[in-house]
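Every chain is numbered from 1 and lettered A, B, ... according to where its sequence line falls, protein lines coming before strand lines.
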There are 2 protein chains.
Amino acid sequence: MTASRPRRATLPDVAALAGVSTAAAGRALGGYGSVSEDVRRRVAEAARQLNYRANRLAASVRTGRTDTIGVVCADIESPFFARALRGISDVAHEHGFSTLVTNSDEDLASEREAVQLLLHKQVDGIICAPADVTQVDHLAQAQTGGTPVVLFDRVSDHLEADAVVVDGMKAAYQAVRRLLDLGHRRVAIVAELRQPREQDWARFLTPQAEVSLGELSPSEARLLGYLRAHWDAGVPVRRELVRRTGTYAAEAAYQQTKRVLALKNPPTAIFTVDNLMTVGAYRAIRDLGIAVPDRLSVVAFDDLDWTVLVSPALSVIAQPVYEMGAEAARRLIRRLRDPEPAPPGTLFMDVTLVERESVAPIPT
Amino acid sequence: MTASRPRRATLPDVAALAGVSTAAAGRALGGYGSVSEDVRRRVAEAARQLNYRANRLAASVRTGRTDTIGVVCADIESPFFARALRGISDVAHEHGFSTLVTNSDEDLASEREAVQLLLHKQVDGIICAPADVTQVDHLAQAQTGGTPVVLFDRVSDHLEADAVVVDGMKAAYQAVRRLLDLGHRRVAIVAELRQPREQDWARFLTPQAEVSLGELSPSEARLLGYLRAHWDAGVPVRRELVRRTGTYAAEAAYQQTKRVLALKNPPTAIFTVDNLMTVGAYRAIRDLGIAVPDRLSVVAFDDLDWTVLVSPALSVIAQPVYEMGAEAARRLIRRLRDPEPAPPGTLFMDVTLVERESVAPIPT
DNA sequence: TTGAAAGCGCTAACAA
DNA sequence: TTGTTAGCGCTTTCAA
């Protein structure tokens with residue numbers, strides 16, 4: 001007969017073996033309160049002998065802290081979120097926090113579920129890339145309940161919270177403006193644009209229109225930059241060059257790109273608004289055998305491993321992704337540590353337009 | 001004056017408002033035991049009114065379960081682990097488990113720390129890609145303590161645990177054998193090979209040598225396949241064509257590849273053993289402007305987004321990464337659910353040699 | 001510095 | 001079906 005599995009040693013067990021009170025053992029092991037060197041040694045020895053393993057859950061129930069940050073990202077698998085997550089977890093780890101990561105897949109219902117889960121697990125704070133910046137009641141509720149929230153990659157006008165983002169509008173504006181300045185007159189854009197808000201696009205075109213970034217998804221903000229660049233350059237926007245995938249998937253971008261390149265009057269340049277769109281679009285360009293940059297100039301949002309591996313190397317708008325994650329974590333931790341923190345604000349991080357080989361002027 | 005923050009509602013609060021006992025409220029909300037429809041409704045209503053948020057930590061302290069799987073991966077940022085993690089978390093989520101993810105960066109000390117953290121947080125089980133398959137005492141200890149472990153991407157002879165892996169030896173053998181059969185006589189390999197065990201390599205070369213996969217790191221297993229392919233084909237192994245980076249970094253692979261291609265008698269084919277090695281090696285090939293496959297055939301371990309985006313498209317050994325993660329999670333969950341589970345075993349998943357455009361025969 | 005005792009928020013026996 | 005009661009393993013008064 002095998003011996004029945006012995007119950008795992010608990011604090012009282014350790015205390016008993018060391019010949020001290022539970023409280024003393026807890027202090028010795030947990031590093032709080034004050035303990036004599038002698039007690040500390042005996043307790044440590046007893047813990048070792050019993051192969052004691054502290055139960056931080058029990059501690060958390062008492063203290064109300066879990067030293068855990070909850071993260072809601074759209075998709076860990078995307079290079080963008082993977083890298084950001086690395087920034088978040090590095091900083092978190094540095095400060096003694098763990099991270100609990102969930103995926104929303106850009107779906108509001110999943111995001112709500114994820115936030116509930118994180119709250120039930122009593123995370124100390126949440127970093128979230130909201131699927132819909134206009135639907136953030138669940139995040140507001142988390143805050144009211146005492147769990148601070150930091151927005152990542154997206155700001156919302158409907159939530160008073162810290163946010164770490166780039167100005168996608170400005171970045172796209174620069175990139176597209178550059179193409180227009182090089183003489184391109186037919187610049188295509190491939191973007192997710194989940195909500196088809198064509199009436200809004202019209203409004204975007206009015207230069208006076210005050211559009212808040214906190215009302216736009218990243219792809220909308222980037223489209224806005226595209227539109228305004230055209231406006232400022234006096235180049236009309238061609239409806240057929242604005243390609244909407246409606247979903248965050250490379251395959252959809254592949255289809256849209258094939259379609260736009262098959263127009264009888266095809267674009268001479270193409271702008272992709274994020275890394276999945278870029279993968280899909282670039283695959284289409286390659287399959288069609290179109291010469292870059294001779295027949296088509298390409299600019300992508302987000303830098304990736306492979307943008308320097310293809311020929312010609314892609315010109316891109318690079319975001320400081322790791323640093324964005326790291327900074328989001330820093331802001332959250334600051335808020336957790338500081339009993340009276342500063343009012344929340346949005347940090348806009350700078351992007352870099354990395355010019356490589358995929359852009360050429362239109363011969364005049 | 002703002003009102004002082006009200007204490008968060010607890011189960012007794014809800015019970016009181018609903019006019020039932022704490023136990024009844026717990027049953028109604030937690031979905032265990034039996035409750036009348038009437039009580040269920042009243043409790044639900046009270047919970048809503050008080051904005052009640054269950055504390056699953058407290059429940060876990062009682063039940064001893066957290067419904068959480070701990071994962072130790074080398075680097076979430078690597079496409080390999082990112083995708084595997086997606087497999088793990090999808091399956092986990094399906095079965096009501098969350099995942100707590102940590103990074104070891106292929107460092108044994110960090111891995112130990114990570115495992116400790118997961119145990120302290122009382123995860124129900126652990127999925128780990130061990131940094132060193134010969135140093136797994138901490139994992140054995142987790143098991144003895146009642147926390148099952150599933151190995152991922154690597155087997156160890158020193159741990160009796162489930163494992164989900166590919167046979168890297170066989171896969172590499174096939175790929176290299178294919179190159180040799182095409183007439184290549186100088187095939188380079190770029191591999192991590194953290195431990196420089198040259199004396200072992202000699203042993204690998206003896207066809208009779210029984211080398212267990214459970215003693216080898218993935219890169220060593222793949223090297224072994226490379227060596228045996230040579231042996232079986234009667235092609236001598238050239239020491240200068242075996243390039244060791246010693247570290248898991250694209251930059252190191254870049255350097256090694258540049259160096260091997262600069263030999264006065266350079267290789268006519270190159271085999272890279274994982275995705276980071278591939279990125280580095282391919283960048284070197286591109287920078288050097290070497291024509292693939294005319295002057296150099298290329299085969300990579302692991303398929304990636306961009307392998308079809310470069311010209312020519314890369315021939316690769318594709319692992320079922322997502323499925324490997326998913327299967328690891330399934331095995332762990334089975335073990336958690338089943339009180340008397342089957343003895344642990346290793347699942348070898350099949351790889352696919354995807355032939356694309358980067359391999360050509362040597363003209364005879 | 002130490003120990004006794006209370007209690008964090010929940011679940012599980014048990015009895016009613 | 002319901003309530004009473006006793007904990008889970010830990011931290012934190014409080015008094016000694």
Legend entry - Donor-acceptor pair present, R62(B) side chain and dG9(D) base, under 3.5 Å: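 Result: no qualifying N/O pair found.
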So, [X] and [Y], do they make that salt bridge, N to O below 4.0 Å?
X	Y	result
D162(A)	R334(A)	no
R8(B)	D13(B)	no
R42(B)	E45(B)	no

Inset, instruction - Map A58(B) and S36(B) onto DNA chain D by nearest heavy atom, then report which one ends up closer to the 5' terminus. - result: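 Residue closer to the 5' terminus by nearest nucleotide: S36(B).
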Under 4.0 Å between a side-chain N/O of [X] and OP1 or OP2 of [N], yes or no?
X	N	result
T63(A)	dC8(C)	no
Y52(B)	dC10(C)	yes
S21(A)	dA4(C)	no
Y32(B)	dT11(C)	yes

Inset, instruction - Pick base, sugar-phosphate or nothing for T10(B), based on heavy-atom distances below 4.0 Å to the nucleic acid. - result: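 If one applies the 4.0 Å heavy-atom cut-off, T10(B) turns out to touch the sugar-phosphate alone, with no base involved.
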Inset, instruction - Please work out if R56(A) contacts a base, only the sugar-phosphate, or nothing of the nucleic acid, heavy-atom cut-off 4.0 Å. - result: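 Nothing, no nucleic acid heavy atom in range.
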Legend entry - Candidate list E111(A), E215(A), E106(A), test salt bridge (Lys or Arg N to Asp or Glu O under 4.0 Å), partner R154(A), passing option: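 Answer to the salt bridge (Lys or Arg N to Asp or Glu O under 4.0 Å) test with R154(A) among E111(A), E215(A), E106(A): E106(A).
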Whole-Å distance between [N] [atom2] and [X] [atom1]?
X	N	atom1	atom2	result
D38(A)	dT1(C)	CG	C1'	11 Å
R53(A)	dC10(D)	CZ	P	12 Å
R41(A)	dT1(C)	CZ	P	15 Å
R27(A)	dG9(D)	CZ	C1'	16 Å
R40(A)	dT1(C)	CZ	P	9 Å
D13(B)	dC8(C)	CG	P	11 Å
H120(A)	dT11(C)	NE2	P	11 Å
N55(B)	dC8(D)	CG	P	18 Å

Taking distance alone, no hydrogens or angles, what donor-acceptor pairs closer than 3.5 Å link side-chain atoms of residues 79-86 of chain A to residues at least two apart or in another chain?
| unit_1 | atom_1 | unit_2 | atom_2 | d |
| --- | --- | --- | --- | --- |
| R83(A) | NH1 | E77(B) | OE1 | 2.9 |
| R83(A) | NH1 | E77(B) | OE2 | 2.8 |
| R86(A) | NE | D90(A) | OD1 | 3.3 |
| R86(A) | NH1 | D75(B) | OD1 | 2.6 |
| R86(A) | NH1 | D105(B) | OD1 | 3.0 |
| R86(A) | NH2 | D105(B) | OD1 | 2.8 |
| R86(A) | NH2 | D105(B) | OD2 | 2.9 |

Inset, instruction - Could you check which of dG3(D), dT2(D), dC10(D) has an atom nearest any side-chain atom of A24(B)? - result: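 Nearest listed nucleotide: dG3(D).
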Legend entry - Base-pair map of DNA chain D as dot-bracket, where | denotes pairing with a different strand and pairs are Watson-Crick or G-U under 3.5 Å: ||||||||||||||||
Legend entry - Distance, nearest 0.5 Å, that separates CZ of R62(B) from CG of L57(A):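 It is 14.0 Å, given to the nearest 0.5 Å.
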Legend entry - Under 3.5 Å donor-acceptor, S60(A) side chain and R65(A) backbone: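 Answer holds: yes.
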Legend entry - Closest-nucleotide ordering on DNA chain C, the 5'-leading residue of V61(B) and A23(B):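 The 5'-side residue here is V61(B).
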Legend entry - H93(A), NE2: over 12 other non-hydrogen atoms inside 6.0 angstrom: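 Atom NE2 in H93(A) is not packed in, count stays at 12 or less.
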